[in-house]
Amino acid sequence: MDALWMVSPLLLVPLLLWTSTTFAFYFKKFFYVAWMMFLALLAIPMSVAKSGGRDIENMRIIRFMVRHVKYLLGLRMEVSGQEHLQLQGPYVIISNHQSSLDVLGMMEILPDRCTTIAKKELIYAGTVGLICWLGGIVFINRKKTSDAKSVMSDAAKTMLEDQIRLWVFPEGTRNQQGDLLPFKKGAFHLAVQAQVPIIPVVFSSYSNFYRRKEKQFNSGTIRLKILPKIETKGMTSDDVSSLADKSYQVMRSAFLEISDSIAQSNGPTRH
Ligand SMILES: CCCCCC/C=C\CCCCCCCCCC(=O)SCCNC(=O)CCNC(=O)[C@H](O)C(C)(C)COP(=O)(O)OP(=O)(O)OC[C@H]1O[C@@H](n2cnc3c(N)ncnc32)[C@H](O)[C@@H]1OP(=O)(O)O
Ligand SMILES: CCCCCCCC/C=C\CCCCCCCC(=O)OC[C@@H](O)COP(=O)(O)O
């Protein structure tokens with residue numbers, strides 16, 4: 001009995017360590033969602049006051065409101081290739097998609113008059129849904145290909161008429177498998193239909209600070225690499241597959257390169 005009393009406090013040590021990282025994981029996730037909901041609540045009246053309703057200019061307000069959130073979560077952003085975004089007129093940005101944390105990187109580099117394409121379910125996310133609508137986010141129904149395609153073709157026209165840039169996640173869903181998923185074609189049809197360039201953007205792997213399975217959410221660095229534009233002038237729908245393949249290749253090699261260099265600078269990581 002005595003021996004058990006001596007041992008049990010020692011057993012508490014690993015238990016406390018386990019709960020503290022797990023606790024931090026849930027706490028940071030909860031805080032992130034709650035804080036974004038709160039920021040959206042502030043941004044809604046600001047957007048309505050500025051532009052009276054749904055308007056792409058509201059993305060400036062959203063960008064401004066989200067920029068500090070990285071500090072609250074202990075994340076650092078390292079951006080390279082910013083000069084590639086200095087193009088006149090509309091273009092399509094494509095990037096990999098790991099988590100809702102991508103919004104932080106997106107707001108770090110979002111050019112003016114740029115909004116994004118998102119699944120329609122996001123509109124039901126309370127204040128976040130409303131601010132997305134006010135920011136002109138284009139919602140698509142992924143379960144109905146024909147609907148999604150027609151929304152994307154309309155978007156190609158609007159891009160040119162209103163001089164708008166669109167950010168698309170060509171993987172079509174979130175993915176943290178340490179590699180890119182095969183690309184869907186929508187972003188490439190969009191760029192070809194509008195005859196505008198594609199600018200690939202790559203987020204480094206989050207696996208060195210965020211591991212969902214292991215319930216870890218530490219401080220860390222996100223590298224954001226903006227790659228040179230890929231022209232689509234003169235291309236037709238016949239070129240879409242090769243355009244998608246080419247984009248995939250350049251993004252995949254950039255992803256492996258920047259993710260690897262972070263893993264090395266942080267020392268070995270557990271997987
Ligand atoms: C102030 C504080 C606020 C705080 C809150 C923050 C608020 C705001 C910040 C904003 C940030 C919000 C961030 C939101 C991120 C959300 C991201 C997402 O939701 S990702 C999911 C949605 N996005 C996508 O899915 C885009 C990528 N998907 C596609 O491009 C798909 O192709 C599609 C959805 C258009 C269609 O998909 P699917 O039904 O699966 O069909 P496919 O297999 O891809 O295609 C079938 C065939 O159709 C051809 N195709 C596709 N598109 C077209 C087209 N536009 N025109 C003609 N043809 C098309 C395609 O080539 C296929 O044919 P094939 O013969 O096989 O080639
Ligand atoms: C009252 C409802 C409350 C719902 C609360 C959810 C609110 C989310 C709040 C804060 C996060 C802010 C950033 C939101 C934008 C990110 C959205 C996102 O990343 O969507 C996932 C989508 O790309 C792919 O979806 P799937 O991986 O296919 O699934």
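For ligands, and for the atoms within them, numbers begin at 1 and follow the listed sequence. Being a predicted model, the structure only gives us computed values, none of them experimental. Position 1 is the first residue of the sequence; numbering continues from there.
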Could you pull out every N or O of ligand 2 that sits under 3.5 Å from a protein N or O, with the distance for each pair?
unit_1: ligand 2; atom_1: 23 (O); unit_2: H97; atom_2: NE2; d: 2.5
unit_1: ligand 2; atom_1: 25 (O); unit_2: K119; atom_2: NZ; d: 3.0
unit_1: ligand 2; atom_1: 27 (O); unit_2: T173; atom_2: OG1; d: 3.0
unit_1: ligand 2; atom_1: 27 (O); unit_2: R174; atom_2: N; d: 3.0
unit_1: ligand 2; atom_1: 27 (O); unit_2: R174; atom_2: NE; d: 2.7
unit_1: ligand 2; atom_1: 27 (O); unit_2: R174; atom_2: NH2; d: 3.3
unit_1: ligand 2; atom_1: 28 (O); unit_2: R142; atom_2: NH1; d: 2.8
unit_1: ligand 2; atom_1: 28 (O); unit_2: R142; atom_2: NH2; d: 3.2
unit_1: ligand 2; atom_1: 28 (O); unit_2: T173; atom_2: OG1; d: 2.6
unit_1: ligand 2; atom_1: 29 (O); unit_2: K119; atom_2: NZ; d: 2.9
unit_1: ligand 2; atom_1: 29 (O); unit_2: R174; atom_2: NH2; d: 2.8

(message) Test of understanding: given a 4.0 Å heavy-atom threshold, classify the contact between E171 and ligand 1 as side chain, backbone, both, or neither.
(response) neither
(message) Tell me if the NZ atom of K120 is crowded by more than 12 foreign heavy atoms within 6.0 Å.
(response) yes
(message) So P170 and Y248, do their side chains get closer than 4.5 Å, heavy atoms only?
(response) no
(request) Return the set of residues passing ring pair (Phe, Tyr, Trp, His ring centres under 6.0 Å) with H189 (not counting sequence neighbours), or none when no residue passes. (result) none
(request) Report yes if some heavy atom in the side chain of I140 is under 4.5 Å from a heavy atom in the side chain of D147; otherwise report no. (result) no
(request) Count the heavy atoms belonging to other residues, nucleotides or ligands that lie under 6.0 Å from NZ of K144, then report whether that count exceeds 12. (result) no
(request) Show which atoms of ligand 1 fall inside a sub-4.0 Å distance from at least one heavy-atom site of I140. (result) 23 (N), 24 (C), 25 (O), 34 (C)
(request) Answer yes or no: does an N/O atom from K184 fall short of 3.5 Å to an N/O atom of ligand 1? (result) yes
(message) Applying the side chain to side chain donor-acceptor pair (under 3.5 Å) criterion to D112, which one of R63, R165, Q163 satisfies it?
(response) R63
(request) With heavy atoms only and a cut-off of under 4.0 Å, state how D102 meets ligand 1: side chain, backbone, both or neither. (result) neither
(request) Please assess E257 against R223 for the test salt bridge (charged side-chain N to carboxylate O under 4.0 Å, His left out), listing each intermediate value before the final yes or no. (result) CA-CA 10 Å; E257 177 205 312; R223 293 217 169 110; over 6 Å; no
(message) Quick check: H189 and ligand 1, any N/O pair under 3.5 Å apart?
(response) yes
(request) Please write down residue, atom name and distance for the protein heavy atom closest to atom 14 (C) of ligand 1. (result) L122 CD2, 3.9 Å
(request) Measure from atom 32 (O) of ligand 1 to every heavy atom in S47, G129, S146, G186 and give the option owning the shortest one. (result) G186
(request) Consider ligand 1: state whether an atom of it lies below 4.0 angstrom from any non-hydrogen atom of Q193. (result) yes
(request) Please work out whether the ring planes of F23 and F27 are parallel, tilted or perpendicular, with thresholds of 30° and 60°. (result) parallel
(request) Kindly indicate whether the side chain of D102, heavy atoms from C-beta on, has any atom under 4.5 Å from the side chain of W167. (result) no
(message) Distance under 4.0 Å to a non-hydrogen atom of C132: what atoms of ligand 1 satisfy this?
(response) 7 (C), 8 (C)
(request) Output the list of atoms in ligand 1 that are nearer than 4.0 Å to some heavy atom of M107, sorted by atom number. (result) 9 (C), 10 (C)
(request) Flag the pair I93 / I226 as yes when at least one side-chain heavy-atom distance between them is below 4.5 Å, and no otherwise. (result) no
(request) Say whether K185, considering both its backbone and side-chain N or O atoms, lies within less than 3.5 Å of an N or O atom on ligand 1. (result) yes
(request) Answer yes or no: is there a side-chain heavy-atom contact under 4.5 Å between M65 and I131? (result) no
(request) Report yes or no: does A187 have a heavy atom closer than 4.0 Å to ligand 1? (result) yes
(request) Give the residue, atom name and distance (to 0.1 Å) of the protein heavy atom nearest atom 6 (C) of ligand 1. (result) V103 CG1, 4.0 Å
(request) Starting from atom 47 (C) of ligand 1, locate the nearest protein heavy atom and write down its residue, its atom name and how far away it is, to 0.1 Å. (result) K149 NZ, 4.0 Å
(message) What protein heavy atom lies closest to atom 26 (C) of ligand 1? Include the residue and the distance to one decimal.
(response) F169 O, 3.5 Å
(request) Flag the pair L104 / L73 as yes when at least one side-chain heavy-atom distance between them is below 4.5 Å, and no otherwise. (result) yes
(request) Among all protein heavy atoms, pick the one closest to atom 3 (C) of ligand 1 and tell me residue, atom and distance. (result) I131 CG2, 3.8 Å
(message) With the threshold set strictly below 4.0 angstrom, can you tell me whether any protein non-hydrogen atom sits that near atom 50 (N) of ligand 1?
(response) yes
(request) Pull out every atom of ligand 1 sitting under 4.0 Å from any heavy atom of A118, numbered as shown with elements. (result) 16 (C), 18 (C), 19 (O)
(message) Below the 3.5 angstrom mark, is there an N/O of K119, backbone or side chain, next to an N/O of ligand 1?
(response) yes
(request) May I ask you to decide if the ring planes of F25 and F217 are parallel, tilted or perpendicular, using 30° and 60° as cut-offs? (result) perpendicular
(request) Provide the number and element of each atom of ligand 1 under 4.0 Å from a heavy atom of T145. (result) 38 (P), 39 (O), 41 (O), 46 (C)
(request) For atom 62 (C) of ligand 1, state whether the nearest protein heavy atom is under 4.0 Å away. (result) no
(message) Please list, in number order, the atoms of ligand 1 under 4.0 Å from a heavy atom of A43.
(response) 1 (C)
(request) Classify the contact between M152 and ligand 1 as side chain, backbone, both or neither, using a heavy-atom distance cut-off of under 4.0 Å. (result) side chain
(message) Heavy-atom contact check, 4.0 Å cutoff: does G135 meet ligand 1?
(response) no
(message) Rounded at 0.5 Å granularity, tell me how far CE in M77 sits from OG1 in T221.
(response) 10.0 Å
(message) The test is side-chain hydrogen bond (donor to acceptor under 3.5 Å, both in side chains); show your working for Y210 and K29 and say whether it passes.
(response) CA-CA 11 Å; Y210 181 79; K29 278 191 81 150; 3.0 Å; yes
(message) Need the ligand 1 atom indices (1-based, order shown) with element for anything under 4.0 Å from a heavy-atom of H97.
(response) 17 (C), 20 (S)
(request) Pick out which of N58, T127, I61 makes a side-chain contact (heavy atoms from CB on, under 4.5 Å) with I44. (result) T127
(request) Have a look at ligand 1 and work out which part of I137, if any, has a heavy atom under 4.0 Å from it: side chain, backbone, both or neither. (result) side chain
(request) With heavy atoms of M65 as the reference, note each atom of ligand 1 found under 4.0 Å away. (result) 1 (C)
(request) Just jot down the side chain to side chain donor-acceptor pair (under 3.5 Å) partners of K229, sequence neighbours excluded, or say none. (result) E231
(request) Please verify whether a non-hydrogen atom of M37 lies at under 4.0 Å from ligand 1. (result) no
(request) With sequence neighbours left out, write down each residue that passes side chain to side chain contact (heavy atoms under 4.5 Å, CB included) with E57, or none if nothing qualifies. (result) K50, D55, R60, R113
(message) Could you check whether atom 65 (O) of ligand 1 has a protein contact, counting only heavy atoms that fall below 4.0 angstrom?
(response) no
(request) Mind checking the CE-CZ spacing from M46 to F64? Nearest 0.5 Å is all I need. (result) 6.5 Å
(request) First locate atom CG of L166, then atom SG of C114, and finally report the distance between them rounded to the nearest 0.5 Å. (result) 6.5 Å
(request) Kindly assign one of parallel, tilted or perpendicular to the pair W35 and F31, based on the angle between their ring planes and the thresholds 30° and 60°. (result) parallel
(message) Minimum distance, heavy atoms only, to atom 21 (C) of ligand 1: which one of G172, S150, A156, A148 is it?
(response) G172
